[in-house]
A.B. asks: 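Mind looking over this structure? Questions follow.
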Amino acid sequence: MEKTEKKERKIILTGDRPTGRLHVGHYVGSLKRRVELQNSGEYDDIFIMIADAQALTDNADNPEKVRQNIIEVALDYLSCGLDPEKSTLLIQSQIPELTELTFYYMNLVTVSRLQRNPTVKNEIKLRNFETSIPVGFFAYPISQAADITAFKATTVPVGEDQLPMIEQTREIVRSFNHIYGEVLVEPDVLLPDNQACMRLPGIDGKAKMSKSLNNCIYLSDTEEDVRKKIMSMFTDPNHLRVEDPGQTEGNPVFIYLDAFCRDEHFAQFWPDYKNLDELKAHYTRGGLGDVKVKKFLNQVIQSELAPIRARRKEYEKNIPEVYRILQEGSRRAEKVAAQTLAEVKAAMKINYFDDQELIQSQARRFGEN
Ligand code: ATP
Ligand code: MG
């Protein structure tokens, strides 16, 4: 008999920490892709999570910051085109099942494995946690595994810094399924296809644009703020005079152009060049000043941000509706997570009251009828 193959459902989970407004690094690293995937119609389910419980792991003394930024992140989502009709927007802390899964997964991960996680190592340094790492922060890769597996996500679109987290999740899934039986789904990571978008540098030239480093262009910055930030950006430090040859590699202005600019931007704003390769060639030859390039970059980024800014203004007029969207999304997400948790508990044999067979066999063992 022919085996009928079970069609695998395609499910996305991804999210952001509500530690600040979202920036253009989030946009090119993950957010823009999510909207494209959402609109492709290829996914059966899309869960977008505001990771407030994770944000509290390194902001335990500042709950107000997390609370304030929930709505900021939600507004950023909606203004970028995430559509609550097509994607479920949820708040992590409102799904208690995620905490429960985390607790059980903790038994499947060793302390030394967590210590080897390069992203966590880096973040510990960044936060000066060396001697006082909160246990919750140290263990956040485990809670991220709970988030991903609770929704049986097959695809996780994220920036490069998240690779070690997805690897950790995959290990937990394999370990769980090996011990308890096939319940969890191993997710695949979906990185940006453009190198510049994997880890967009900050306007200060530092390796990563990050809320914690204060080097961001925010999606909700005003037109004037964005212009000022771009005009003050780092470029090639050896490109002192216009006629000097310049370097485009490692030059943040050109990395941003790699991330944002398309040929049609040249047609629209700078028809002297056909495409980015021509512009780079001129800069490398010498005879092209940084100010001109920055002005072009400003036009490119403004054209991307203008519609986002306009949509944000609209949503800002109806904040209670945004909270309602989050509440409804969280409710819907909880139903899905509860189903997974029930399967997990059954596999782990901690579903005593649902298991009539257990109750009957114990009854027989003790000689009852
Ligand atoms: P924090 O400093 O609080 O960790 P963050 O700016 O690193 O904030 P996160 O909420 O940790 O933002 O990351 C959310 C998502 O955005 C992740 O998928 C991450 O890979 C992606 N991302 C964050 N910063 C960048 C960046 N500079 N370039 C590309 N992707 C990024
Ligand atoms: Mg981060």
Side-chain angles (χ1 to χ4, degrees), residues 22-41 76 79-83 157 159 190-203 205 209 216-236 239 241-314:
L22 297 185
H23 53 65
V24 296
H26 299 119
Y27 184 67
V28 296
S30 175
L31 205 42
K32 194 176 176 190
R33 189 64 163 290
R34 293 178 207 172
V35 175
E36 287 163 9
L37 295 172
Q38 167 195 276
N39 295 337
S40 76
D76 286 329
S79 54
C80 282
L82 284 175
D83 173 355
L190 192 63
L191 291 175
D193 34 28
N194 173 341
Q195 187 62 35
C197 300
M198 296 233 190
R199 189 181 295 239
L200 196 76
I203 49 171
M209 182 177 285
C216 307
I217 295 175
Y218 292 101
L219 294 172
S220 50
D221 275 345
T222 63
E223 190 176 340
E224 185 51 18
D225 284 343
V226 173
R227 195 189 62 80
K228 277 196 202 134
K229 287 180 183 180
I230 291 176
M231 296 317 286
S232 74
M233 268 179 75
F234 279 57
T235 59
D236 171 8
H239 188 240
R241 290 168 307 165
V242 172
E243 54 281 16
D244 289 340
Q247 192 155 353
T248 59
E249 268 149 60
N251 179 334
V253 171
F254 279 93
I255 298 176
Y256 282 31
L257 284 174
D258 276 328
F260 285 97
C261 144
R262 297 183 300 270
D263 292 354
E264 56 265 33
H265 290 129
F266 284 97
Q268 196 179 350
F269 302 123
W270 210 359
D272 294 358
Y273 307 92
K274 262 212 286 305
N275 54 39
L276 190 52
D277 287 339
E278 282 190 5
L279 179 70
K280 282 184 179 172
H282 190 180
Y283 190 82
T284 312
R285 254 192 336 267
L288 179 57
D290 285 319
V291 171
K292 276 191 177 168
V293 185
K294 284 182 180 175
K295 278 190 174 155
F296 174 59
L297 175 63
N298 181 51
Q299 284 172 309
V300 170
I301 293 196
Q302 298 288 3
S303 72
E304 194 85 18
L305 295 187
I308 297 175
R309 225 179 261 135
R311 271 197 298 265
R312 198 183 217 269
K313 283 266 157 331
E314 288 307 305

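Residue numbers start at 1 and run along the sequence shown.
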A.B. asks: Thr284: what forms a side chain to side chain contact (heavy atoms under 4.5 Å, CB included) with it, not counting sequence neighbours?
C.D. replies: Thr248

A.B. asks: What closest approach, in Å, do Ser303 and Pro307 show between heavy atoms, and which atom pair accounts for it?
C.D. replies: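 That would be O-CD, 3.4 Å.
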
A.B. asks: Is the backbone of Asn251 close enough, under 3.5 Å, to the side chain of Asp236 for a donor and an acceptor to pair up by distance?
C.D. replies: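 Not confirmed, Asp236 side chain does not pair with Asn251 backbone.
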
A.B. asks: Over all heavy atoms of both residues, which pair between Ser220 and Arg312 is shortest? Give the atoms and the distance, please.
C.D. replies: CB-NE, 3.4 Å

A.B. asks: Could you pull out all residues at least two apart from Phe234 that satisfy side chain to side chain contact (heavy atoms under 4.5 Å, CB included)?
C.D. replies: Asp204, Pro252

A.B. asks: Check for a donor-acceptor pair, side chain of Ser30 on one end and backbone N or O of Pro157 on the other, with a separation under 3.5 Å.
C.D. replies: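 Pair found, side chain donor or acceptor close to backbone of Pro157.
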
A.B. asks: Could you tell me which residues satisfy side chain to side chain donor-acceptor pair (under 3.5 Å) with Asp225, sequence neighbours excluded, listed by chain and number?
C.D. replies: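 With sequence neighbours excluded, Asp225 shows a side chain to side chain donor-acceptor pair (under 3.5 Å) to Thr222, given in chain and number order.
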
A.B. asks: Is the shortest heavy-atom distance from the side chain of Leu31 to the side chain of Leu219 under 4.5 Å?
C.D. replies: yes

A.B. asks: Under 3.5 Å, side-chain donor or acceptor atoms of residues 190-203 against the rest of the protein: list the pairs with distances, not counting sequence neighbours.
C.D. replies:
from, atom 1, to, atom 2, distance (Å)
Asn194, OD1, Ala196, N, 2.9
Asn194, ND2, Asp258, O, 2.9
Arg199, NE, Glu160, OE1, 3.2

A.B. asks: Residues two or more places apart in sequence or in another chain: which of them pass salt bridge (Lys or Arg N to Asp or Glu O under 4.0 Å) with Glu224?
C.D. replies: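 Once residues adjacent in sequence are excluded, the partners of Glu224 under the salt bridge (Lys or Arg N to Asp or Glu O under 4.0 Å) criterion are Arg227.
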
A.B. asks: Are Val24 and Val226 close enough that some pair of their side-chain heavy atoms sits under 4.5 Å apart?
C.D. replies: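 No. Closest side-chain heavy atoms not under 4.5 Å.
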
A.B. asks: Show me the donor-acceptor pairs, under 3.5 Å and distance only, between side chains in residues 262-272 and residues at least two apart or in other chains.
C.D. replies:
from, atom 1, to, atom 2, distance (Å)
Arg262, NE, Glu264, OE2, 3.1
His265, ND1, Arg262, N, 2.9

A.B. asks: Quick one: pull up CG in Asp244 and OH in Tyr283 and give me the separation to the nearest 0.5 Å.
C.D. replies: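 Those atoms lie 9.5 Å apart.
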
A.B. asks: For Leu279 and Phe254, what are the C-alpha separation, side-chain angles and deciding distance, and is it a side-chain contact (heavy atoms from CB on, under 4.5 Å)?
C.D. replies: CA-CA 10 Å; Leu279 179 70; Phe254 279 93; 4.1 Å; yes

A.B. asks: I'd like to know if the side chain of His239 reaches the main chain of Gln247, judged simply by a donor and an acceptor atom lying under 3.5 Å from each other, with no hydrogens or angles considered.
C.D. replies: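 Not at all, since once roles are kept as given, no pair shorter than 3.5 Å links the two residues.
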
A.B. asks: With a 3.5 Å distance limit and no angle check, can you tell me whether Lys294 reaches the backbone of Met233 through a side-chain donor-acceptor pair?
C.D. replies: yes

A.B. asks: Looking at residues at least two apart in the chain, or sitting in another chain, which of them share a side chain to side chain donor-acceptor pair (under 3.5 Å) with Lys32?
C.D. replies: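 Lys32 satisfies side chain to side chain donor-acceptor pair (under 3.5 Å) with no residue once adjacent residues are dropped.
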
A.B. asks: Counting C-beta onward and ignoring hydrogens, is there a side-chain heavy-atom pair between Asn39 and Asp83 closer than 4.5 Å?
C.D. replies: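 Contact flag for Asn39/Asp83 side chains = no.
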
A.B. asks: Using the side chain to side chain contact (heavy atoms under 4.5 Å, CB included) criterion, which residues pair with Glu243? Sequence neighbours excluded.
C.D. replies: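 Only Arg241 meet the side chain to side chain contact (heavy atoms under 4.5 Å, CB included) criterion with Glu243.
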
A.B. asks: Would you give the length of the straight line joining atom CZ of Phe260 to atom CD of Glu304, rounded to the nearest 0.5 angstrom?
C.D. replies: 6.5 Å

A.B. asks: Got a sec, which residues hit side chain to side chain donor-acceptor pair (under 3.5 Å) with Lys229, two or more places apart in sequence or on another chain?
C.D. replies: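 Listed in chain order: Asp221.
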
A.B. asks: Once salt bridge (Lys or Arg N to Asp or Glu O under 4.0 Å) is applied, what residue pairs with a partner in residues 283-293 remain, sequence neighbours excluded?
C.D. replies: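 For residues 283-293, and leaving out neighbouring residues, there are no salt bridge (Lys or Arg N to Asp or Glu O under 4.0 Å) pairs at all.
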
A.B. asks: Taking side chain to side chain donor-acceptor pair (under 3.5 Å) as the definition, give me every residue that meets it alongside Tyr218, ordered by chain and number, with sequence neighbours left out.
C.D. replies: none

A.B. asks: Less than 4.5 Å apart, side chain to side chain, heavy atoms only: is that true for Met209 and Val28?
C.D. replies: no

A.B. asks: Where the side chain of His26 meets the backbone of His23, is there a donor-acceptor pair that is under 3.5 Å apart?
C.D. replies: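 A pair under 3.5 Å: yes.
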
A.B. asks: Would you compute the distance between atom CD1 of Ile308 and atom OG of Ser79 and round it to the nearest 0.5 angstrom?
C.D. replies: 6.5 Å

A.B. asks: Can a donor-acceptor pair be found, under 3.5 Å and without considering hydrogens, that links the side chain of Glu223 to the backbone of Gln302?
C.D. replies: no

A.B. asks: Can you name the residues that form a side chain to side chain contact (heavy atoms under 4.5 Å, CB included) with Val291, not counting sequence neighbours?
C.D. replies: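 Here the qualifying residues are Met231, Lys295.
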
A.B. asks: Of the non-hydrogen atoms in Val293 and Leu257, which two are nearest, and what is the gap between them?
C.D. replies: CG1-CD1, 3.8 Å

